[in-house]
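Let me begin by presenting the structure, written as structure tokens, before commenting on it.
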Amino acid sequence: QVQLVESGGGLVQAGGSLRLSCGASGLTFSSYTMGWFRQAPGKEREFVAAISWSGGVTQYADSVKGRFTISRDNAKNTMYLRMNSLKPGDTAVYYCAADRTIAVYTTEYQYDYWGQGTQVTVSS
């Protein structure tokens, strides 16, 4: 049974930082493209960042480029999202997702497995 478990969310002031983690089990983690998505209240879920199986290819939404960094540690079956210079507009539930294909996609329908999400709240 595949499980993706996010952690590291919380309340932070604007300009602050957080690091999210996504622990994976039940799959060959190093074979999967991994992604982060987020959903703000009243809005659709949107792409944030994705990383290839090797970590050699990354993609970011324009809204987070230069502020967020996605990374992974295949030995630990864990993916990370370092978020700096946080803004109130970054407030959302953040989800990690796994995609068994090699390509790095930014659309959620490409992803096969999802975590339950972790809340990030940025106060002004």
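These numbers were taken from a predicted model, which means no experiment stands behind them.
- Between the side chain of T33 and the main chain of A103, a donor-acceptor pair closer than 3.5 Å is present.
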For this session: Determine, stepwise, if the pair V93 / T118 fulfils side chain to side chain contact (heavy atoms under 4.5 Å, CB included).
Result: CA-CA 5 Å; V93 176; T118 185; 6.0 Å; no
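- L27 contributes atom CG, which lies 10.0 Å from atom CG of D112 (distance to the nearest 0.5 angstrom).
- Atom CG of L81 and atom SG of C22 lie 10.5 Å apart (nearest 0.5 Å).
- Outside the 6.0 Å centre-distance limit, the rings of Y95 and F37 are not counted as a close aromatic pair.
- Remark: the R100 side chain and the Y113 side chain contain an N/O donor-acceptor pair separated by less than 3.5 Å.
- Salt-bridge check for D90 with K87: failed, with every basic side-chain N at 4.0 Å or more from each acidic carboxylate O.
- Residues L20 and W36 are in side-chain contact: their nearest non-hydrogen atoms beyond the backbone lie under 4.5 Å apart.
- Contact check for W53 versus S31: no side-chain heavy atoms found under the 4.5 Å cut-off.
- Summarising the geometry of V104 relative to Q59, their closest heavy-atom pair is CG1-CG, 3.6 Å, with the distance given to 0.1 Å.
- Cluster membership check: F68 does not share its hydrophobic cluster with Y80, using side-chain heavy-atom separations under 4.5 Å among Ile, Leu, Val, Met, Phe, Trp and Tyr.
- With no hydrogens or angles considered, a side-chain donor-acceptor pair links Y94 and R38 at under 3.5 Å.
- Formation of a donor-acceptor pair under 3.5 Å by the S17 side chain with backbone atoms of N84 is not found in this model.
- Heavy-atom neighbours of Q116 CD from other residues, nucleotides or ligands within 6.0 Å: at or below the threshold of 12.
- T78 places a side-chain N or O within 3.5 Å of a backbone atom of K76 that can act as its donor or acceptor partner.
- The minimum heavy-atom distance between P88 and S124, with the atom names listed, is CG-CB, 3.9 Å.
- Summarising the geometry, atom NZ belonging to K43 is positioned 10.0 Å from atom OG1 belonging to T91; distances are rounded to the nearest 0.5 Å.
- Hydrophobic clustering (ILVMFWY, side-chain heavy atoms < 4.5 Å, transitive): Y111 and M34 are in distinct clusters.
- Counted within 6.0 Å of CG on L11, heavy atoms from surrounding residues, nucleotides or ligands total more than 12; the atom is thus considered enclosed.
- By the 4.5 Å heavy-atom criterion applied to side chains, T121 and V12 are not counted as neighbours.
- Put simply, the side chain of S54 gets close to the backbone of G56: a donor and an acceptor are under 3.5 Å apart.
- When side chains are defined from C-beta on, S71 does not count as touching R82, because their heavy atoms never get closer than 4.5 Å.
- A donor-acceptor pair under 3.5 Å is formed between the side chain of E6 and the backbone N or O of C96.
- Inter-residue side-chain proximity for F29 and M79 is flagged as met; some heavy-atom pair is nearer than 4.5 Å.
- Residues Y32 and D99 are not in side-chain contact: their nearest non-hydrogen atoms beyond the backbone lie 4.5 Å or more apart.
- Here CZ of R67 is found 7.0 Å from OG of S85. Values are rounded to the nearest 0.5 Å.
- Contact annotation: the side chain of T58 approaches that of Y60 to within less than 4.5 Å [non-hydrogen atoms, C-beta and beyond].
- Side chains of I51 and V57 form no contact here, defined as non-hydrogen atoms less than 4.5 Å apart.
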For this session: Show your working on side chain to side chain contact (heavy atoms under 4.5 Å, CB included) between V120 and M83 and close with a plain yes or no.
Result: CA-CA 10 Å; V120 171; M83 305 186 294; 3.9 Å; yes
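- With sequence neighbours left out, D73 forms a salt bridge (charged side-chain N to carboxylate O under 4.0 Å, His left out) with no residue at all.
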